[in-house]
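Down below is the structure, laid out as structure tokens.
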Amino acid sequence: MKLYNGGKIITGLVIFLGIFLAPLAYNAGKAAYSQPKLKLPENEKECVESKEFMRTKHMQLLNEWRDYALRDGQRFYVNSKGKEFEMSLQKTCMKCHTNKAEFCDKCHNDASVTPYCWDCHIQPEGLKK
Amino acid sequence: MNNTRRNFLKFAGLTAAGLCVASAGSVIAAGTGSTIKDGEKALKAKRWGMVIDTKKAGTKEAIDALAKACHSVHNVPDIPGTQNVKWIWAVGFEEAFDQPNNYMDESLEKRQFAVLCNHCSSPSCVRVCPTKATYQRPDGIVAMDYHRCIGCRYCMAACPFGARSFNFMEPRLHLDLANLNKSFPTRMRGVVEKCNFCVDRLADGKIPACVEASQGALVFGDLSDPASEVRKVLREHYTIRRKPALGTEPGVYYII
Ligand code: SF4
Ligand code: SF4
Ligand code: SF4
């Protein structure tokens, strides 16, 4: 079997692979990703649910809280341990997590996500012009 | 050949169906062992309604005081010009009731009327909203979920009372940021907003802010309960509603 234009194809492939793998080479040897250090609430040890649940599912939880509170008029959440929380970002979450920059933003920035919560909800630090 | 392709499609369909079912589940239901309930303090009714005594709150100043109470609780901006956002404001008789009268008695001619969302029983705004951002609660309150509002303004075209305001610009530019109510959100540019009959306060066991500030000129309560204060006031006074001929069945009554 003969490879037509073999030289060009192979050069092309090498260049493509080079570019494709450049980010890997660039990052090789650098420290692995480490989770950001969050400022945790001082007076409260347990969140609404377990740390693992909150880490991966807080967005779904907040979505459902919104629908329960606004649509069904059911504003309280009783977790598996029987503890009650008002389903409210500003009145519950941000009462413990009193600093958006030190808590929310850390992971959101690392994960390159820009949730639009704060377009309307008021962060605990307050707003500035 | 045909047979295997058919099998492949069957399995693909099953998998897709499975994915749909799996993703429709709720995280709360998915094994956190939690439950949902309403607050013990919450004020409840079958049909919330309001009566406004226009003899008691009949001047621009009196109504501005109501607006101030409402707007500070709900972080409503004050924007100079024609693009202001209003939840409750003052208008004259003709504008409020669509009944021009060339020879009206002088006191009525000068009187101002507080207007707000009527929380209609057949709300045209709810019928036209394409996203269900505006919806009617079982207790008669026409509420909004600003997260869902796409700013199409159909509801503004549909509401015969002009009860809704559009955020033409970023409302935070016109709010006193140092004195916001931190337990209520603001809105963002591009959404519609209006009076929410204070659902947020009712859930906390408080009556609406304008009623509280009105020194008895506004009465709020359950229209379906014959023993309620609103029904008592309605029984004792002659009242009218705004544009009843349109059939939206307003829940706000005016003592003239
Ligand atoms: S007054 Fe207008 S906005 Fe309010 S419920 Fe009636 S139609 Fe909707
Ligand atoms: S502007 Fe918002 S609330 Fe009004 S109809 Fe459109 S989506 Fe619904
Ligand atoms: S009922 Fe509440 S939201 Fe509506 S005008 Fe009065 S204070 Fe404002």
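Letters A, B, ... are given to chains in the order of the sequence lines, protein chains preceding strands, and every chain is numbered from 1. Just so it is clear, the model here is predicted, and its values are computed rather than measured.
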Residue [X] versus chain A: region with a heavy atom under 4.5 Å:
X	result
D176(B)	neither
R189(B)	neither
N75(B)	side chain

Close approach to chain B in residues 13-24 of chain A, criterion heavy atom under 4.5 Å: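 From residues 13-24 of chain A, none sit under 4.5 Å of chain B.
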
Neighbourhood of chain B inside residues 41-51 of chain A, taking heavy atoms under 4.5 Å as contact: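 Within residues 41-51 of chain A, near chain B: E49(A).
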
Option that, when pairs with chain A are counted at under 4.5 Å, heavy atom only, ranks first among D204(B), D139(B), I141(B), L202(B):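 Most pairs with chain A among the choices: D204(B).
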
Contacting region of K128(A) [heavy-atom separation from chain B under 4.5 Å]: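 The backbone, not the side chain.
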
Structural part of R66(A) lying under 4.5 Å from a heavy atom of chain B: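 It is the side chain, since no backbone atom gets that close.
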
Other residues, nucleotides, ligands: >12 heavy atoms within 6.0 Å of K91(A) NZ: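 Buried by this count: over 12 neighbours within 6.0 Å.
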
Shortest non-hydrogen contact between W118(A) and Q123(A), atoms and distance: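 Distance-wise, the nearest heavy atoms are CZ3-CA, 3.8 Å.
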
Short side-chain donor-acceptor distance under 3.5 Å, N63(A) and H147(B):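 There is no such pair (donor and acceptor under 3.5 Å, judged by atom type) between the side chains of H147(B) and N63(A).
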
Ring centres under 6.0 angstrom apart (H119(B), W48(B)):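 Not close enough - the centres of the two rings lie 6.0 Å or further apart.
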
